[in-house]
Participant: 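Got a structure for you, questions after.
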Amino acid sequence: QLQLVESGGGLVQPGGSLRLSCAASGFTLDSYAIGWFRQAPGKEREGVSCISSSGGFTKYTDSVKGRFTISRGNAKNTVYLQMNSLKPEDTAVYYCAAAPTLSPCLKKGYYGMDYWGKGTLVTVSS
């Protein structure tokens, strides 16, 4: 069974950093495009960042450009989201998702991912 598991969430002060991890079981992430999404209380889910299977293509939503970095781990079965200069408005449940093609990463909101994790909570507060 294909599963994605997010980790690394927690409570951080404004201006702080967190690194989220997305790990897979049942398949290898290096064959899939991976997206990070978030959903804040009372808001719709938002596509945050996306990376191709090779890692050569990355994309970010405007609100996180210059602050967040998506990358693939050397072990090839983990994808990271490094989040710096965090703001209270970054507070949300963060999800990773996988797709066998790059197509979702090219769409608005990265719509069309096939596999989803259950999320990890990030809270930015003083």
Side-chain angles (χ1 to χ4, degrees):
Q1 187 175 0
L2 307 182
Q3 289 185 327
L4 293 170
V5 179
E6 303 92 341
S7 61
L11 174 63
V12 63
Q13 292 186 343
S17 298
L18 281 175
R19 189 177 77 162
L20 304 183
S21 299
C22 174
S25 62
F27 65 113
T28 54
L29 284 183
D30 61 352
S31 299
Y32 289 79
I34 303 298
W36 281 100
F37 300 77
R38 65 186 180 186
Q39 187 166 19
K43 294 188 176 181
E44 292 187 354
R45 188 175 63 201
E46 172 189 28
V48 174
S49 184
C50 212
I51 189 168
S52 63
S53 58
S54 69
F57 173 88
T58 59
K59 196 173 179 183
Y60 300 90
T61 193
D62 286 346
S63 62
V64 307
K65 284 180 181 177
R67 300 190 298 124
F68 290 11
T69 303
I70 191 170
S71 64
R72 290 186 173 272
N74 291 333
K76 297 186 178 181
N77 226 31
T78 305
V79 171
Y80 302 104
L81 186 68
Q82 178 68 43
M83 305 187 297
N84 299 330
S85 302
L86 283 162
K87 305 175 180 180
E89 51 263 43
D90 295 317
T91 295
V93 177
Y94 283 71
Y95 302 87
C96 66
T101 72
L102 185 61
S103 179
C105 290
L106 304 178
K107 297 178 182 177
K108 182 179 180 181
Y110 315 142
Y111 177 79
M113 293 289 181
D114 291 313
Y115 307 104
W116 291 83
K118 295 183 179 180
T120 185
L121 177 62
V122 172
T123 303
V124 184
S125 175
S126 55

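All figures in this text were calculated on a predicted structure; none of them were measured in a lab.
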Participant: With sequence neighbours excluded, tell me which residues meet side-chain hydrogen bond (donor to acceptor under 3.5 Å, both in side chains) with Ser7.
Facilitator: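 Applying side-chain hydrogen bond (donor to acceptor under 3.5 Å, both in side chains) to Ser7 gives none.
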
Participant: Could you pull out the closest heavy-atom pair between Pro14 and Ser125, with the gap in Å?
Facilitator: CD-C, 3.6 Å

Participant: Atom NZ in Lys59, atom OG in Ser52: separation rounded to 0.5 Å?
Facilitator: 12.5 Å

Participant: Under 30°, 30 to 60°, or over 60°: which ring-plane class applies to Trp116 and Tyr95, parallel, tilted or perpendicular?
Facilitator: perpendicular

Participant: Using the salt bridge (charged side-chain N to carboxylate O under 4.0 Å, His left out) rule, collect all pairs that involve residues 40-53, keeping only residues at least two apart or in two chains.
Facilitator: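 Sorted pair list: Arg38-Glu46.
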
Participant: Does Tyr110 share a hydrophobic cluster with Val93, counting links as ILVMFWY side-chain heavy atoms below 4.5 Å and allowing steps through other members?
Facilitator: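 Linked, Tyr110 and Val93 end up in one cluster.
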
Participant: Quick one: are Met113 and Cys50 in side-chain contact, heavy atoms under 4.5 Å?
Facilitator: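 Side chain of Met113 against side chain of Cys50, heavy atoms only: contact under 4.5 Å found.
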
Participant: To the nearest 0.5 angstrom, please state how far the OG1 atom of Thr123 sits from the CG atom of Leu11.
Facilitator: 6.0 Å

Participant: Provide the closest heavy-atom pair for Phe27 versus Ala24 in the form atom of the first, atom of the second, distance.
Facilitator: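 Smallest heavy-atom distance, with atoms named: O-CB, 3.6 Å.
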
Participant: Any chance CZ of Phe57 has more than 12 other-residue heavy atoms, nucleotides or ligands included, within less than 6.0 Å?
Facilitator: yes

Participant: Would you say the side-chain atoms of Ser85 pair up with the backbone N or O of Gly15, donor to acceptor, closer than 3.5 Å?
Facilitator: no

Participant: Looking at Lys118, I'd like to know if its NZ atom is crowded, meaning that more than 12 non-hydrogen atoms belonging to other residues, nucleotides or ligands lie closer than 6.0 Å.
Facilitator: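 Result for NZ/Lys118: open.
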
Participant: Taking all atoms of both residues into account, what is the closest heavy-atom pair of Ala99 and Pro104, and its distance?
Facilitator: CB-CG, 3.6 Å

Participant: Treat each ILVMFWY residue as a node, draw an edge where side-chain heavy atoms are under 4.5 Å apart, and state whether Leu4 and Ile51 are in one component.
Facilitator: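 Shared cluster, yes.
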
Participant: If only atom types and distance count, is the side chain of Gln13 paired as donor or acceptor with the main-chain N or O of Ser126 below 3.5 Å?
Facilitator: no

Participant: Is the Phe68 to Trp36 ring centre distance short of 6.0 Å?
Facilitator: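 Phe68 vs Trp36: aromatic centres not under 6.0 Å.
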
Participant: Taking atom types as modelled, is there a side-chain donor on Thr28 or Asn77 under 3.5 Å from an acceptor on the other?
Facilitator: no

Participant: Rounded to the nearest 0.5 Å, how far does OG of Ser49 lie from CD1 of Ile34?
Facilitator: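 Spacing of CD1 (Ile34) from OG (Ser49) equals 11.0 Å.
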
Participant: Hey, is the main chain of Gly8 close enough, under 3.5 Å, to the side chain of Arg19 for a donor-acceptor pair?
Facilitator: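 A pair under 3.5 Å: no.
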
Participant: Hey, could you give me the OG1/CG distance between Thr91 and Leu121, rounded to the nearest 0.5 Å?
Facilitator: 8.0 Å

Participant: Shortest non-hydrogen contact from Cys22 to Leu29?
Facilitator: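 In this case the closest contact between Cys22 and Leu29 is O-CD1, 3.5 Å.
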
Participant: Between OG of Ser25 and CG of Leu2, what distance do you get to the nearest 0.5 Å?
Facilitator: 8.0 Å

Participant: Does any non-hydrogen side-chain atom of Thr69 lie less than 4.5 Å from one of Thr58?
Facilitator: no

Participant: Rounded to the nearest 0.5 Å, what separates atom OG1 in Thr120 from atom CG in Leu81?
Facilitator: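 Rounded to the nearest 0.5 Å, the OG1-CG separation comes to 11.0 Å.
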
Participant: Just so I know, are the side chains of Leu20 and Glu6 near enough to count as touching, which here means a heavy-atom distance under 4.5 Å?
Facilitator: no

Participant: Establish whether Leu18 and Val64 are linked, either directly or via other cluster members, by ILVMFWY side-chain heavy-atom contacts under 4.5 Å.
Facilitator: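 Shared cluster, yes.
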
Participant: Would Leu86 end up clustered with Val48 when hydrophobic side chains under 4.5 Å apart are linked, directly or stepwise?
Facilitator: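 Shared cluster, yes.
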
Participant: Any side-chain heavy atom of Cys96 sitting closer than 4.5 Å to one from Val79?
Facilitator: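 Not in contact.
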
Participant: Tyr32 side chain to Ala97 main-chain N or O, any donor-acceptor pair under 3.5 Å?
Facilitator: no

Participant: Taking side chain to side chain contact (heavy atoms under 4.5 Å, CB included) as the criterion, tell me which of Asp90, Val122, Val12, Val124 meets it with Met83.
Facilitator: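 When Asp90, Val122, Val12, Val124 are each tested with Met83, the side chain to side chain contact (heavy atoms under 4.5 Å, CB included) holds only for Val122.
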
